[in-house]
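Here is the structure we will look at, set down as structure tokens.
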Number of protein chains: 2
Amino acid sequence: MPKSLAQQDIETIVKDQELIGRRHMQICDAGLKLFSRKGFHRTTVREIAEACGLGIGTLYSYIKTKEDILSLVYRRILESFEARMLEATQGIQDPRLQLKAALEETLKIYDECQDAVLLLYQESHALGRQGLQGLFDVDRTYVGFFREILDRGTRAGQFAVKEPHLLAVCILFLCAVWDLKRWNLQGYTLETIIESLTTLILNGISADRPMELQRQ
Amino acid sequence: MPKSLAQQDIETIVKDQELIGRRHMQICDAGLKLFSRKGFHRTTVREIAEACGLGIGTLYSYIKTKEDILSLVYRRILESFEARMLEATQGIQDPRLQLKAALEETLKIYDECQDAVLLLYQESHALGRQGLQGLFDVDRTYVGFFREILDRGTRAGQFAVKEPHLLAVCILFLCAVWDLKRWNLQGYTLETIIESLTTLILNGISADRPMELQRQ
DNA sequence: GGAACCCGATCGAGCGCTCGTTCAGGTTGA
DNA sequence: TCAACCTGAACGAGCGCTCGATCGGGTTCC
């Protein structure tokens, strides 16, 4: 199995690969829960060890530093995002509909994983250079995915987009508004957000006015 | 002078109000510089004291906790933003042009104050409930400002916006893409960003297609 | 079969250190 | 003289991480 760019191995004392996998899972669960609730710095390694039912020493047989736990958490989050995203949009031919589907799925994911997205934006600077690079790489593939849709739509004459990469970044970023500005969006439903953002973006980039989408 | 909502006083040992003001200024400068470079948690109070030429004890005569320094920094940032914003857009009658000006000025501010905006998004959760409330309040007035433009434009028949508040939040948020996704936007100029975002948003919310803006 | 040995996962007390905060004493100016 | 301000050594809580000890189970050898 080829490893993605974000998959630099974490040094471990323990040898058994299958066991490492299981333990890393436990550590992820505990890490995500605690980091989300208290933040990276306020969470102690001891707490994480306790939360996953391991001794501190044991925990440190599966990681080298506290930072590794954050990396582990990030990896799993992003992997799951990528998988869901691809599944929800593959096979759709019409760029406009595909973009709509991509937006909708991203917003649904971001809705279900609020804590994770928040963590991603707030604590990523706790990662070192190497960890950050991994995040960047994954993000770039994400953006590239949106960008491809934009390119296809532009070639088909449906979209009028001067800077596809820039716009892809913006669109993906905009989806995070639901998580990062949640406190100022109470009262709205996920459906309203999806509709509003989809309308804004599709109108914003359409070569002609996409009336059929508004009517439907 | 009436104090804004964010202006709950910080407890100090020192009495002289004018001196407090001056010292708080020094502390802000040092805090912004160091927090931006190293983050809140990695910056020590000692470093801040040194950077503003005060002894640690002296510093603690002007604040009660480290958190107070962050509050202080945030306050100043937001105050300056608000002032610039209002100045740049007041008096513009046409909603479309006013929105354009507001976007442009916000992006310019966010360009000049990258570190500050990043700090705002990354470290605000280090603040306690009270400090956060203050931030929220200021942000709401900001958003309200955009919302007003949207409302005026909608009444004038220029914009077609179903959820003005939601959209105002989105627009303001979108401006931060330039700071929060900077690493993925290298190579673009501020001017390109301004143009792309303005086009996206104005097209996105316009009742009719605003061709004149594109031609000009 | 079972004694002797080995391997590697587990454990948690505690080391070494950082960092926010305090306080007793010094300095200054009116 | 005394209030206001300044100073930095000292404090101690809390943290990440290490390391020697333990133990269950597999393997070897008689």
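What you are looking at is a predicted structure, and each value in this text was computed from that prediction instead of being measured.
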Name all residues meeting the salt bridge (Lys or Arg N to Asp or Glu O under 4.0 Å) criterion together with A:K38; count only those two or more places apart in sequence or in a different chain, and write none if there are none.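 Partners of A:K38 by the salt bridge (Lys or Arg N to Asp or Glu O under 4.0 Å) criterion, ordered by chain and then number, come out as A:E47.
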All salt bridge (Lys or Arg N to Asp or Glu O under 4.0 Å) counterparts of B:E104, not counting sequence neighbours: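 Salt bridge (Lys or Arg N to Asp or Glu O under 4.0 Å) check on B:E104 returns B:K108.
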Please say whether more than 12 non-hydrogen atoms of neighbouring residues, nucleotides or ligands are located less than 6.0 Å from NZ in A:K181.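 More than 12 within 6.0 Å, yes.
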Please report, rounded to the nearest Å, how far the [atom2] atom of [N] is from the [atom1] atom of [X].
X	N	atom1	atom2	value
A:Q26	C:dA9	CD	P	14 Å
B:E50	D:dT7	CD	C1'	14 Å
A:K38	D:dC15	NZ	P	8 Å
A:I27	C:dT10	CD1	C1'	13 Å
B:Y62	D:dT7	OH	C1'	12 Å
B:R23	D:dA4	CZ	P	17 Å
B:L54	D:dA4	CG	C1'	16 Å

Which pairs of donor and acceptor atoms, one on a side chain in residues 20-32 of chain A, lie under 3.5 Å apart (sequence neighbours left out)?
residue, atom, partner, partner atom, Å
A:R22, NH1, A:E18, OE1, 3.2
A:R22, NH1, A:E18, OE2, 3.0
A:R23, NE, A:Q26, OE1, 2.6
A:H24, NE2, A:Y62, O, 2.9
A:Q26, NE2, A:C52, O, 2.9
A:D29, OD1, A:R76, NH1, 3.4
A:D29, OD1, A:R76, NH2, 2.9

When you compare the side chain of [Y] with that of [X], does any pair of heavy atoms fall below 4.5 Å?
X	Y	answer
B:I48	B:F35	yes
A:T106	A:F81	no
B:F159	B:L99	yes

5' to 3', nucleotides 19-30 of chain C under a 4.0 Å protein heavy-atom cut-off (B base, S sugar-phosphate only, - none) gives BBBB--------
For DNA chain D, the residues among residues 12-20 of chain A that have a non-hydrogen atom under 4.0 Å from it: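 Of all residues in residues 12-20 of chain A, none places a heavy atom under 4.0 Å from DNA chain D.
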Pairs involving residues 117-150 of chain A, ordered by first then second residue, that meet ring-ring contact (aromatic ring centres under 6.0 Å, His included) (sequence neighbours left out):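 Of all non-adjacent pairs touching residues 117-150 of chain A, those that pass ring-ring contact (aromatic ring centres under 6.0 Å, His included) are A:F136-B:W183.
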